[in-house]
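Take a look at the structure set out below.
Reckoned from all heavy atoms, side chains included, excluding hydrogens, waters and symmetry mates.
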Amino acid sequence: MSEQRIWIRGGRILDPAAERDEPGDVLIEGGVIVAVGAKLDASDAQVIDANGAWIAPGFVDLHAHLREPGQEYKEDIASGGRSAVAGGFAAVACMANTHPVNDDPAMTDFIIDRAKQDSPARVYPIAAATRGLEGSEMTEMSALVEAGAVAFSDDGKTIMDGGVMRRILEYSKTVGSPVITHGEDRHLVGEGVVNEGPVSTKLGLPGNPAVAEDVLVTRDLMLAEMTGAHLHVAHVSTKGAVAAIRRSRERGAHVTAEVTPHHLTLTDEALLGYDTNAKVAPPLRSKADVLACREGLADGTIDAIATDHAPHAVHEKDLEFTEAPPGLIGFETAFPVVLDLVRGGELSPLELMRRLSTNPARIIGRPGGSLAIGAAADVAILDPEMNWIYDPAKGYSKSRNSPWAGQTLKGRAIATIVAGRLVYDVDRGVLYP
Ligand code: DOR
């Protein structure tokens, strides 16, 4: 635990857990928050000037691909953790589609150990729901939870066998962890690489219809209702899925959901120039889908914003559109991109912070998302007005696949504190480890 004493002075405190939105200071000592309020005095502490900035709980990302072990040329736990804190994330949950797959407690242990040594961000492994992500044999869920897995998912691949999904959901109740669904019916997706509609026709590329998501998400919602298990819907992208989640929640199901910054702000028209950096799974959708996702996030149907940070190497993205792998890097751009919802008047700053920190921490049952006295000092200091040009080569990810590369973004994480230690500062960069 760090011995740093940090006085964050004169910012706008946004603590969703306490419904607090007011000017003030935060004092950190011994890894925890020791005081929050107006005009604290701690003249012997390290001062961070937060004038004009927001002071919020460090972001918690429910969905990232850190690629270690097996694809360290795209990312590893160290580079991913560094990129995360540079975006204001104090914690990230990482998906199991590594090589080998995280379907074994020894692998979960490895990720946790590696993160302790190498990552400035907290890292929470999500274990595979089925062995090898093959969709048939369940993993040893209780042993994986004991090793530290926070949830189960075959993300990147849909569990197509409804009987297997039902058993996973049933078993998940005994271990008390959510099951995260990648809801795309693979048969309906077929060879589809872009949203099916006028854009796929214009591009002459095979379409992936919205109904592929609607059908699968609806199946999993019905199974969650039947079993009473906690289902978490990853990267919601369709109007139909938002409506289905809303109805299911109204019926009392234990369902939570996330949406990515890209599905909140970009439509399939971003692909008209065949930019493979905007190729993702599920694909960018129509304007109506984007609006439904925004509405769902604002009305609470969708709980959290998650990046789906998915690094791929330049040589992999530099292929024919159909051949390039789906995914984009998202930690360092998430905050400025989703600020669009505050600018559009759809979310208050406090509600945006809730969806980036308090709600995701609650979904996986981990600390974070609160600036309460005694809480772990995970804090993001954010300048909502800063204009900067995003250059992935100057960022911390090993990969460059971002559709926002070269753009002027407004809003930036200017400092990140994890467990009471200042790990990132916009002027000096990542400071630890
Ligand atoms: O765009 C995506 N990339 N979606 C996924 O579900 C998987 C991910 C990856 O692993 O690259």
Separation of M222 CE from T227 OG1 (nearest 0.5 Å): 12.0 Å
Residue pairs, two or more places apart or on separate chains, that pass ring-ring contact (aromatic ring centres under 6.0 Å, His included) and touch residues 395-433: none
Under-4.0 Å salt bridge between D25 and K39: no
Residue pairs fulfilling ring-ring contact (aromatic ring centres under 6.0 Å, His included) with at least one residue in residues 258-296, sequence neighbours excluded: none
Side-chain heavy-atom pair P105, E146 within 4.5 angstrom cut-off: no
Pair R428 + D425, salt bridge at N-O below 4.0 Å: yes
Flag side-chain contact, heavy atom, 4.5 Å: D308 against V280: no
Residues forming a ring pair (Phe, Tyr, Trp, His ring centres under 6.0 Å) with F110, sequence neighbours excluded: none
Test log, rule side-chain contact (heavy atoms from CB on, under 4.5 Å), inputs T260 and T307: CA-CA 5 Å; T260 67; T307 65; over 6 Å; no
Set of residues satisfying salt bridge (Lys or Arg N to Asp or Glu O under 4.0 Å) with respect to E316, sequence neighbours excluded: K74
Sub-4.5 Å side-chain heavy-atom contact between V217 and I245: yes
Residues H230 and S172: side-chain donor-acceptor under 3.5 angstrom: no
Separation of D104 CG from T139 OG1 (nearest 0.5 Å): 9.5 Å
salt_bridge(R285, D268) N-O dist < 4.0 Å: no
4.5 Å side-chain heavy-atom contact, I28 and I8: yes
Lys/Arg-Asp/Glu bridge criterion (N-O < 4.0 Å) met for E170, R166: yes
Spatial distance of atom CD1 (I159) from atom CG (D220) [nearest 0.5 Å]: 7.5 Å
Any side-chain heavy-atom pair of K279 and H312 under 4.5 Å: no
Side chain to side chain donor-acceptor pair (under 3.5 Å): pairs with one or both residues in residues 378-393, sequence neighbours excluded: R122-D378, E385-K410
Separation of Q71 CD from L66 CG (nearest 0.5 Å): 12.0 Å
Pairs where residues 327-359 contributes a residue and the test ring-ring contact (aromatic ring centres under 6.0 Å, His included) is met, not counting sequence neighbours: W54-F335, F89-F331, H309-F331
Heavy-atom pair with the smallest gap, counting every atom of A212 and L188: CB-CB, 3.7 Å
Sole residue of I111, I112, V92 in side chain to side chain contact (heavy atoms under 4.5 Å, CB included) with I77: I111
Sequence neighbours excluded, every pair satisfying ring-ring contact (aromatic ring centres under 6.0 Å, His included) that has a member inside residues 336-381: none
pair L297-L341: side-chain heavy atoms closer than 4.5 Å: yes
Residues forming a side chain to side chain contact (heavy atoms under 4.5 Å, CB included) with R20, sequence neighbours excluded: I13, D15, A18, E22, V36
Distance-only donor-acceptor check, side chains T238 and D289, under 3.5 Å: no
Flag side-chain contact, heavy atom, 4.5 Å: L352 against V338: yes
Residues in ring pair (Phe, Tyr, Trp, His ring centres under 6.0 Å) contact with H65, at least two apart in sequence or another chain: H63
Check ion pair E225-R247 (N to O, under 4.0 angstrom): no
Side-chain donor-acceptor contact under 3.5 Å, H232 with E258: yes
Side-chain heavy-atom pair L223, M165 within 4.5 angstrom cut-off: yes
Candidate pair I373 and V34, rule side-chain contact (heavy atoms from CB on, under 4.5 Å), full reasoning: CA-CA 5 Å; I373 290 170; V34 293; 5.5 Å; no
With V290 via side chain to side chain contact (heavy atoms under 4.5 Å, CB included) - residues at least two apart: T267, R294
From CA spacing to verdict: side-chain contact (heavy atoms from CB on, under 4.5 Å), D155, I126: CA-CA 10 Å; D155 179 66; I126 294 168; over 6 Å; no
Donor-acceptor contact below 3.5 Å, side chain R82 vs main chain S397: no
salt_bridge(K398, E75) N-O dist < 4.0 Å: no
With sequence neighbours excluded, residues passing salt bridge (Lys or Arg N to Asp or Glu O under 4.0 Å) with D118: R114
N-O pairing of D303 and R249 below 4.0 Å: yes
Interatomic distance, S43 atom OG to D41 atom CG [nearest 0.5 angstrom]: 4.5 Å
Donor on one side chain, acceptor on other, E332 and S83, under 3.5 Å: yes
Partners passing side chain to side chain donor-acceptor pair (under 3.5 Å) against E72 (at least two apart in sequence or in another chain): none
Distance-only side-chain donor-acceptor flag, S237 / E213, under 3.5 Å: yes
Under-4.0 Å salt bridge between K239 and D214: no
Gap separating the OG1 atom of T98 from the CD atom of E68, nearest 0.5 angstrom: 9.5 Å
Derivation of the side-chain contact (heavy atoms from CB on, under 4.5 Å) call for L266 and L284: CA-CA 7 Å; L266 300 176; L284 298 177; 3.9 Å; yes
Donor-acceptor pair between T265 and D340 side chains, under 3.5 angstrom: no
